[in-house]
Structures are given as C-alpha cells and as structure tokens.
Protein chains: 2
Amino acid sequence: MSTINDVSRLAGVSKATVSRVLSGSRGVKEASRLAVLKAVDELNYRPNVIAQSLLSQSTGCIGVICAQDNVNQTTGYLYALEKHLSQHQKHLLLRFANTKTEVMNALDELSCGLCDDILIIGARFPLQIEQENVILVDCMESDNVNSIQFDHAFAAETACTFLASQGRRQIALIQPQGSGFADQILLGYKHALEKNFLPFNRNLVFMEATSSSVALQELLHNASTLNFNALLVADEQEAQRVIPQLQAFNKSVPGDIMVFSLAGSLHLPGIPTIPAIEYSMDAMAARIVSWLTEKTQMLGSYVLRGDLIIPDMRR
Amino acid sequence: MSTINDVSRLAGVSKATVSRVLSGSRGVKEASRLAVLKAVDELNYRPNVIAQSLLSQSTGCIGVICAQDNVNQTTGYLYALEKHLSQHQKHLLLRFANTKTEVMNALDELSCGLCDDILIIGARFPLQIEQENVILVDCMESDNVNSIQFDHAFAAETACTFLASQGRRQIALIQPQGSGFADQILLGYKHALEKNFLPFNRNLVFMEATSSSVALQELLHNASTLNFNALLVADEQEAQRVIPQLQAFNKSVPGDIMVFSLAGSLHLPGIPTIPAIEYSMDAMAARIVSWLTEKTQMLGSYVLRGDLIIPDMRR
DNA sequence: CTGTTAGCGCCTTCAC
DNA sequence: GTGAAGGCGCTAACAG
C-alpha cells in the first residue's frame, strides 16, 4: 500500500500539498493539484483511515452487541442499522453476546478506541452501564443512560383494542418467564379492557409463565368455562410455537382463536402471517444514527411505538 | 481517555517501561512493574488499539460483505463467523450489498486500512476480485482468488440417492433463474439417477425457471402422466414457497410429494422441517478463521460438502 | 533493568 | 501557494 510520502515524491510536492488536495483542495495551484491527482491515480493511493483515526480520535466504527436470544430477530435490526450507518460513512462492528458477562466482555473489547459508540440490543438481563457513548436498544430498563425503549404498554393496549373491535372480547395473555416488560404489558392490557368496558379475568392472564405450552394447556383445560377467543403472546417466536398447539387441540386459528404477537411477525413465504405489533426498524435506525452523528442533545430515554400490522385476512 | 503518557508520569517511569509491563513484562523490576500496574488501574488505562494498529499495520478487523438475497440466511453465517472470529481477537465489520456495484463500493470503503481481510458471502453475480486478502464464500465461481464453494453437485447427488432410497423414484427438479450453480446441480442429479438406475426425464427438470410457481404448475398439469413424488428445490425459501402451492393442489407433503431443499431448512418452532442438505456454518467459519490467522498456505478454492438432514418423520 | 529516540501515516499550524 | 515541523498514542531498537 502506498503512502502519502510516495505520492508527494511522485508528484514533486510536499506531503502537506497532497493532503490539501485530497481534503479541501482550497488554495492549491492547478498545476500541482493535477500532479497530485495523477500520482494518486497512478499509485492507486488511498489515505490510511487508521492514521486519520489516530489524529481525529474517532474511527467511524459503531459497535453493535446483539444480546437477543432469538437470533432470527437480529437480522431486522442489523439490516436497518447497517443501511443507515453506511449512508453516514459509519461502520458496523458486530458482536453476539448471550449473557451479562459476555456483554460486558464485548463492551470492554470494543471500548479501546476501536469504536466511537456502542449499541447493545435486546438484553433481557439488567445492565448497569455508565459510559456516555453506549445506547441500550430494547433492553431491560435501567436509568441514567441513553436508551431506546419499545412502548410495550402501548402495544398491548393497541392489540386489545384491535381484538375487541374484531369482536374478540375474551382475550388471554401469556408472557413467558424472563421476557421482561411483563408489568408494562399488563398495564396496557388492563387499560384497554377498561376503555372497552371488558371485564378483567385473572384466569386468562399468565405472566411469568414457565413455558407458554403449560400456560396454554391450562387455558384449554378451562376452555369450556373460559371460552377465550384471542391470545396475546410476547413475540413471533412464541406465536409460531403456540399456533400448532392450538391446532392440535382442534382450535382453528384465527377462526376460533386469534393469536396476536406483541413484537413482530414472521414474513416468510408459506408461513401464515398473524396480526402483530411491529416496530419500525427503519425509524429506530434513523433515530440512532441522528443521535450518533449530531450528538448535540442527549438521547435520554427515547420511547418507540410500534405499528399495528394486520395480515390480509381474505383467506 | 488516559494515555500511556499519563500512566508513565503517574508511575514515575518511562513510556517504554509501561509498554513493556503491559505487553510481555519480561525483564522489568518488580517495583516498577507494580507501580505501573497501580497507575494503570487508577487511571483505568487501556492501550489505544488504533495507535497499535498504525504501528502493526493490522487492525484485527475482518470485513464481511453479505450479498445474499435471502437476508434470513445471513444470520447463520454471521453468528458462526462472529463466534469464531472473536475467539481469535478479531472483529467482524458488517456490510450488506445487493448488487455488484454495492459490493464493489463496500469493498472499496473497507480496503483503506480498516480491514485486514474481507469476506464476500453469497453473491449471485459474477465478481472479478484481484486482491489477495479477499475470500469469496458461496459466491458464483470465479478464478484466481481465494474462495469457499459449496459442493452443489454432491448435494444434488445425495438428495437423489436419499429420495430413491425412500422409494421416491420420480424426482422433479426446479431451479429458479439466477440461483447459480444450475449446471452443477444438474450434474449431480444425473449422476445419482444413473447410479440408481433411474431414467432421466427431461419433463421433470426445470432449470432457469422464471418462477418456481410456474414450473410447479407445469409439473402439476402433467401430473397424470408424470406422476412425480419428490421435488428438489434450491433452498429453504423456495421450499416454503412451494409447499403451500402443492397443498393447494391437493397434494400432501411429504405424503404424495416429498420436498427436498438443496440448501438448508428452516428450524423455527411450528414450521415443518423438511429434508435438506445443510452446510455446517461452524465448519465453514473454522476453515475461514484458520486461513485468516495462519495464512501460511493459500486457501485456494476450498470445497465444502453439506450434511443430509432428515426431519423426525414420525408424524 | 530502564530511558531516549525514532518512527507508523496522516493532518494542521506556522512560517516563508 | 507551499514546505517544514510537530504530534495523535504506541512500540521497537538502541544505548546506557
């Protein structure tokens, strides 16, 4: 790889002039400008970004630590983030981490000057981060740190109101253990019931269920008396797990029971889409990038609301 | 962020001694060693990797350009790669690129000293790369470059032999346009037929099909005379697209027709697994990392063979 | 054992 | 307009 010295020698000017031409080109004699450009082209010279980084104290690298348990869900985040980052000449440095220890290790390894800022995505364990340049995205809440939270209460409320509008007035709710945000979701759920004049039935609600399967079985055991016709689950993965189970018990979906995912649905050919709340990865990425690039004001704790997605129900 | 100067000052030694303690610690008086360590701890000093990179001319960053059209498939690659890379103190720099132009742009932006080496994954368009430090993974073939290819002929052969062993002797084959590797797959298909004494019927084979749907309809139109009972498709995505279509035509899967994917199957809860050839992402990542770290011998053109995955067929 | 010196490649004053 | 010098943070070679 050729350096600025090679170029300056070949062009017969000083390093400073080369640098000037390549950055602003302001106040350089046309003759030397051309000479530099020619040399650059001949040597196929590219300024070394590492040397630039050393000087500017910033690399343009953004560390992204994916702590999601559902690896499939990371794709959406990564794709949107990368698209937005690369548009701003920023690079995405990827790490996966499944435990708090792994996250902290990754954080450590990325905080040695390599990354300007770091994102932690989808952690379902508490994290105390002091660093100003770390953003928590869809993580368990924690204070005095920049974060982007999804509005789970709002999601649950939207879901229930939608279901009620569809004539589904017995809405069951299953939250698997450690999915986080259980209280927020319950809050939204209760709000919606109230507003729609629906009674709250605690037998329809399973927070912190050990497994959605067990919770579902309990629900079905009491089906004669309970007779629920809608089921709110945490995310797409839960939904895809629950649907075949319902079918196994001879319940049609969505005929008898409408399954609703509170976080995303699968968009794969051949797999039935279900109604869901989906968070716009694009909006999220845009918000993050604008903070990264401007940084004038604190991000603070930004709350993102999801969109109601209804599959084409004609069939 | 504190620098080596701060540490040396606080510890009352020179920069060189600090550096010695932090790297090898060989031949340093215990007293000064402790002084340095204490200062390091107090200042929470971490050597700046960018400065180290400038000196060593290597950053430990590996660029990964995902050119896959099926974004869901990238997750497998990324997860395996990141795991292996981080174990060797290497960082994964992620880019997505959907066209040749985008790939070349990405390549350009990553080749300015930021990345030691670059991987391009899943490109289905021809790519002429000269650089020695670029590896093509599962890309359309091209010569004089390091690459890891999947053995598609072997996959097709395995698939047919397996299907034949299951009593499926009328094996249809659909390859969508631009999926690449059509000739290799056809080769393996024909080999297997020969070895299993099965006739080759050109009406069962659709290479370069505009859409798998159309090909499938043609197949079904002639179902009375053709009567195929197995269907080879390019990948999991194709499979999931094709299965509901078959069902819509009243063909049970796998009862009437066994669908076989030549590249991976979906492992999601609630979604039926189908027989498939799967390539071990772990093996691939291991191979790549060993080349990256050792680099003693050329990688050349390495061919990876896939594993036959059979779903639990009890139900 | 340890300090001094000289760069890695680049950009930015500051003189000329 | 342009060149020389200094320094970003670090390590390696060379003296002591």
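For B/Lys100, the NZ atom sits in a packed shell: over 12 heavy atoms of surrounding residues, nucleotides or ligands are nearer than 6.0 Å.
Using a 4.0 Å cut-off between charged nitrogen and carboxylate oxygen, B/Asp108 and A/Arg46 count as a salt-bridge pair. At a threshold of 4.0 Å, the pair B/Asp41-B/Lys38 does not count as salt-bridged, since none of the basic side-chain nitrogens sits closer than that to a carboxylate oxygen.
A/Arg33 meets the side chain to side chain contact (heavy atoms under 4.5 Å, CB included) test with A/Val21, A/Ser25, A/Val28, A/Glu30, A/Leu37; sequence neighbours excluded.
Between A/Trp291 and A/Ile135 the shortest heavy-atom distance is CE3-CD1, 3.2 Å. Here the closest non-hydrogen pair linking B/Arg95 and A/Glu82 is NE-OE2, 3.0 Å. Nearest heavy-atom pair across A/Cys139 and A/Gln149 is O-OE1, 3.2 Å. The two residues A/Asp116 and A/Gly60 make their nearest non-hydrogen contact at OD2-N, 2.7 Å. The shortest heavy-atom contact between A/Leu78 and A/Leu92 is O-CD1, 4.1 Å. Residue B/Ser53 comes nearest to B/Thr59 through the heavy atom pair OG-CA, 3.6 Å, listed as atom of the first residue, atom of the second, then distance.
Side-chain polar atoms of A/Ser147 and A/Ser301 form a donor-acceptor pair below 3.5 angstrom. In this structure, a donor-acceptor pair under 3.5 Å is present between the side chains of B/Asp138 and B/Tyr77.
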Under a 4.0 Å heavy-atom criterion, the protein footprint on nucleotides 8-16 of chain D, written with B, S and -, is BBBBBB---
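Residues from residues 106-118 of chain B that place a heavy atom under 4.0 Å from any atom of DNA chain D: there are none. Within residues 28-42 of chain A, no residue has any heavy atom closer than 4.0 Å to DNA chain C.
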Under the side chain to side chain contact (heavy atoms under 4.5 Å, CB included) criterion, do B/Tyr302 and B/Met284 qualify, and how do the steps go? CA-CA 10 Å; B/Tyr302 179 78; B/Met284 182 207 66; over 6 Å; no
Take B/Lys295 and B/Asp117, measure what salt bridge (Lys or Arg N to Asp or Glu O under 4.0 Å) needs, and give me the verdict at the end. CA-CA 11 Å; B/Lys295 271 199 177 167; B/Asp117 300 284; 2.6 Å; yes
Apply side chain to side chain contact (heavy atoms under 4.5 Å, CB included) to B/Cys66 and B/Leu94, showing your working. CA-CA 8 Å; B/Cys66 288; B/Leu94 179 62; 4.0 Å; yes
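In the helix from C/dC1-D/dG16 to C/dC16-D/dG1, the rotation axis of the first five pairs and that of the last five pairs differ in direction by 50°, rounded to 10 degrees.
Between chain B and DNA chain C, the heavy-atom contact criterion of under 4.0 Å yields a 5' to 3' nucleotide range of C/dC1 to C/dG9.
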